[in-house]
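Shown next, in structure tokens, is the structure this report addresses.
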Number of protein chains: 2
Amino acid sequence: MYDVADRAGVSIATVSRVYRSPGSVRSETRDRVLKAARALGYVPSGSARGLASRSTGVLGLCFPDYADPDAEDSPANGDEEMLYSDEIIRGMERAARRRGYALLIAASLAGGPENLVAEVAGRVDGFAVLARTVPTESLEVISRRLPVVMLAGPREIDHLDHIEVANHDGQRELTRHLIGDHGYRRLAFVGGEAVSPDAEARFRGFRQACEEAGVEVPGQPDVRAEMTQAEGRRAAHALLDRPGEPPRAILFANDQMAVGALHALEERGTRVPDDIAVTGFDGIPLGRLVRPALTTVRQPMRRLGEEAVELLVQRLAAPKREPVSLVLPVTVMRRASCGCPDPQL
Amino acid sequence: MYDVADRAGVSIATVSRVYRSPGSVRSETRDRVLKAARALGYVPSGSARGLASRSTGVLGLCFPDYADPDAEDSPANGDEEMLYSDEIIRGMERAARRRGYALLIAASLAGGPENLVAEVAGRVDGFAVLARTVPTESLEVISRRLPVVMLAGPREIDHLDHIEVANHDGQRELTRHLIGDHGYRRLAFVGGEAVSPDAEARFRGFRQACEEAGVEVPGQPDVRAEMTQAEGRRAAHALLDRPGEPPRAILFANDQMAVGALHALEERGTRVPDDIAVTGFDGIPLGRLVRPALTTVRQPMRRLGEEAVELLVQRLAAPKREPVSLVLPVTVMRRASCGCPDPQL
DNA sequence: ACCTACCATGAATGCGCTTACAGCGCCTGG
DNA sequence: CCAGGCGCTGTAAGCGCATTCATGGTAGGT
């Protein structure tokens, strides 16, 4: 900057103004500065600017690592892994750009999440955290210095902004569809581990729909599992091995389990949806690939990212506004696995 | 930091050392500092650190915007848009984290790409650029101050590190498969616009395979099109409306066109692969969703991102090493559209 | 012709940190 | 017993920029 100022015959203050508030510099002077900058290959230092202006122009996103960082880049595991983070990243990037911010992303490494978040926090004006990525205490401390918004999952710290999706309502609507439109009444629900607030909310939605329809309501999920494909498969077998009449439909707390169950049912020669209907929750791309295509509840992850940016921007503008908690609507995707006609591609 | 130093009864230099080189501080002192930091909710400033240390610990990625930022978040257009950028981002993030860097991403806005790259450049230690995202002249200037690696596409500036995929070899191998394994000899190639170096390289690979097999070699692609679905569909119709015997197989320079062609052929009642085989290039997820599933050449986009980070890290370590140009291997994905048995999910 | 208001610019300060460099106390070998 | 070395810490000088305040010049008002 000093060199540019020299070459243009102005002071560094003027060079700064050319970039910060072009309008306040005479156009002739401005052109001279710009020309000098180009000639010298001047690239303004973000660090210096950040230090002097006390703001970085960057928003951040911390998310759990979606996969083993040392995993092979095998052709096979391409889309399956396209999990939420990618969509959230996309949504945030887009919204951030619209707002004039860049986006800094960092997955939490198994090694030291504490460091991770400190690294990010020091470089951004505010950031979003996917649930359970960062220890609550770290967040507690950091959120005293800059805006943080929690994404999905429970609102661990109540003075933070928070966005979640309509787990309860989505599962209720899906259940209503199974009962009301398909006439299924022997329903089984496969939940997640009891500590997962999302899975619990979904179960409550399921219960409510059952109650409303006068269908027998279980106090607990029929099975609890770890929300992976393998566990879903196991859960399906367990459910069908139980004595008595098998369920007419199995609702899984997420898509991964439902896909596993599809495999299990195929192994047993049980037809889906003719013998048993299967549904999931999330709307992962894999759900469209499997046959029958998986009926599920789609979470608007991209929008989640966009709303996160909006919340951050708003809080930056009004730091002591009341904390906000948004609930984003979800969409029931009726596909073949519940008995609906498969919409051909 | 001053407050932390005060509270711990040390100088700010010692506080700094606690974070930069913990080993050089007596452990008792270190604990005192850490305790004070925690009590005060100290979050080190990335800007200040960056300014003082002349390095940011951040790598960047500039890519073209994959979609209209104002597009609806409709459930339908979910996976189709899962383009390269997401996979590259994923690869870079993972590799960067392994190397101790964070990742800053920014899509080029139609508005001002020039600004964009300057914004990014000032905040990072080095960055990767997807081909044709940034005007060459801007890159020229910026690459004088910090490492830049060009991703995919031609090597526009020859003193930059550069990574591309094996367009030529991949298309050659795919063509050999069609000729050698399936016995097709009437082949048509639908290329991109002449300015696309990727598409041209693919065409050359096609030609070479034809020559080697003694199959008639066209000097130019049978059709040139814009590499979109709509154009692919148009191209397929055009090809089949030509007088004379229709081709036994059509090779498209990318998946998008091939998918469009699949629709066109369905419209005409032409069976794929029985009447005509179809192939693409890229390995987009949509290619697995369509029926018949699209035989194609898969680009290792995630690895592209990882290699980009490695190159940046290496150049940071050895700024005046010779520029490197990597060619990543691709994988032929044999699916149903060429006549191979469809691997069931 | 003089004062005020305003515009364009320069001088100077400090943002929060890293990093020589220097200093202090202590230990070692000669 | 002293020179030299080592381990730990403090001092101080910036890093490259934004920004406040002061300054000179110019136009408008009276």
Side-chain angles (χ1 to χ4, degrees), chain A residues 1-34 36-37 40-58 100 102 115 118-125 142 144-146, chain B residues 1-34 36-37 40-58 100 102 115 118-125 142 144-146:
Chain A
M1 190 156 165
Y2 289 84
D3 297 342
V4 173
D6 267 3
R7 191 175 231 263
V10 299
S11 74
I12 61 161
T14 299
V15 177
S16 174
R17 278 190 276 258
V18 166
Y19 289 94
R20 290 305 117 236
S21 50
S24 74
V25 178
R26 194 155 45 115
S27 71
E28 179 195 315
T29 314
R30 195 189 325 141
D31 292 345
R32 236 176 35 239
V33 170
L34 255 17
L40 292 172
Y42 169 62
V43 178
S45 153
S47 295
R49 166 139 78 233
L51 184 56
S53 68
R54 278 168 280 292
S55 90
T56 63
V58 179
N115 267 333
E119 292 290 312
V120 172
R123 301 183 204 289
V124 300
D125 290 341
I142 291 170
R144 300 207 306 254
R145 327 289 283 211
L146 52 86
Chain B
M1 190 153 164
Y2 289 83
D3 296 342
V4 173
D6 266 2
R7 191 177 231 262
V10 298
S11 73
I12 60 163
T14 299
V15 177
S16 173
R17 279 189 276 258
V18 166
Y19 289 94
R20 290 305 119 236
S21 50
S24 73
V25 179
R26 195 157 43 118
S27 71
E28 179 193 315
T29 314
R30 195 188 326 142
D31 292 345
R32 239 178 32 240
V33 170
L34 254 16
L40 292 172
Y42 168 61
V43 178
S45 154
S47 294
R49 166 142 72 236
L51 185 55
S53 68
R54 277 168 280 293
S55 88
T56 63
V58 179
N115 268 333
E119 291 290 313
V120 171
R123 300 183 203 288
V124 301
D125 290 342
I142 291 170
R144 300 206 308 252
R145 327 289 284 212
L146 53 87

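In what follows, every chain begins at residue 1, and chains take the letters A, B, ... in the order their sequences are listed. Below, all heavy atoms of this structure are taken into account, side chains as well, without hydrogens, waters or symmetry copies.
- Using a 4.5 Å heavy-atom cutoff, the side chains of A:Arg123 and B:Arg123 are not in contact.
- Rounded to a whole Å, the CZ atom of A:Arg123 is 14 Å from the C1' atom of C:dG16.
- Distance from the side chain of B:Ala13 is smallest to D:dA12 among D:dA12, D:dT9, C:dT9.
- In the set C:dG16, C:dT18, C:dA8, the nucleotide with an atom closest to the side chain of A:Arg26 is C:dA8.
- The residue A:Gly9 sits close only to the backbone: its heavy atoms come under 4.0 Å of sugar-phosphate atoms, none of a base.
- Across the helix from C:dA1-D:dT30 to C:dG30-D:dC1, the helix axis at one end is tilted relative to the axis at the other end by 40° (nearest 10 degrees, each axis from five pairs).
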Inset, instruction - Please step through side chain to side chain contact (heavy atoms under 4.5 Å, CB included) for the pair B:Val25 and B:Val33, ending with a clear verdict. - result: CA-CA 10 Å; B:Val25 179; B:Val33 170; 5.9 Å; no

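- Counting any heavy atom pair closer than 4.0 Å across all strands shown, B:Arg17 reaches a base atom.
- At the phosphate of D:dG10, OP1 or OP2 sits under 4.0 Å from a side-chain N or O atom of B:Thr14.
- With distances taken from any side-chain atom of A:Ile12 to the nucleotides C:dC17, D:dC15, D:dA18, the minimum falls on D:dA18.
- Residue B:Ser16 is classed as a base contact, given a heavy-atom separation below 4.0 Å to a base.
- Nucleic acid contact for B:Tyr19: none, since no nucleic acid atom lies under 4.0 Å from a heavy atom of the residue.
- Considering only side-chain N and O atoms, A:Ser11 lies under 4.0 angstrom from the phosphate OP1 or OP2 of C:dG10.
- At a threshold of 4.0 angstrom between heavy atoms, the contacts of B:Ser47 with the nucleic acid are absent.
- Nearest nucleotide to the B:Ala52 side chain, out of D:dA18, D:dC15, D:dT9: D:dC15.
- When heavy atoms are screened at a 4.0 angstrom cut-off, A:Val10 is found touching the sugar-phosphate backbone but no base atom.
- Within the 4.5 Å cutoff, the side chain of B:Leu34 has heavy atoms near those of the B:Tyr19 side chain.
- Between C:dA11 and A:Tyr2, no contact under 4.0 Å exists linking OP1 or OP2 to a side-chain N or O.
- Remark: the backbone N or O of A:Gly41 is paired with a side-chain donor or acceptor of B:Arg145 at under 3.5 angstrom.
- Among the nucleotides C:dT19, C:dC17, C:dC15, the one closest to the side chain of B:Ser53 is C:dT19.
- Looking only at distances, no side-chain donor or acceptor of A:Ser21 sits under 3.5 Å from a matching main-chain atom of A:Ser24.
- For B:Arg49, the side-chain atoms get nearest to C:dC17 when compared with the rest of C:dC17, D:dC17, C:dT9.
- Within the 4.0 angstrom heavy-atom criterion, base atoms lie near B:Met1.
- Between the CD atom of B:Glu28 and the C1' atom of D:dC8 there is a distance of 12 Å, rounded to whole Å.
- Rounded to a whole Å, the CG atom of A:Asp31 is 11 Å from the P atom of C:dT9.
- Atom pair B:Asp6:CG and C:dC17:C1' shows a separation of 16 Å (rounding to whole Å applied).
- With sequence neighbours excluded, no residue forms a side-chain contact (heavy atoms from CB on, under 4.5 Å) with A:Ala52.
- The side chain of A:Arg20 contributes an N or O atom lying less than 4.0 Å from OP1 or OP2 of D:dA18.
- Nearest heavy atoms, A:Asp125 versus A:Gly57: OD2-N, 2.8 Å.
- What you find for B:Arg32 and B:Ala8 is that their closest heavy atoms are NE-O, 2.9 Å.
- Taking atom CG of B:Asp3 as the reference point, atom C1' of C:dC17 lies 14 Å away to the nearest angstrom.
- When the C1' atom of C:dG14 is taken as reference, atom CG of A:Leu51 falls 9 Å away, rounded to whole Å.
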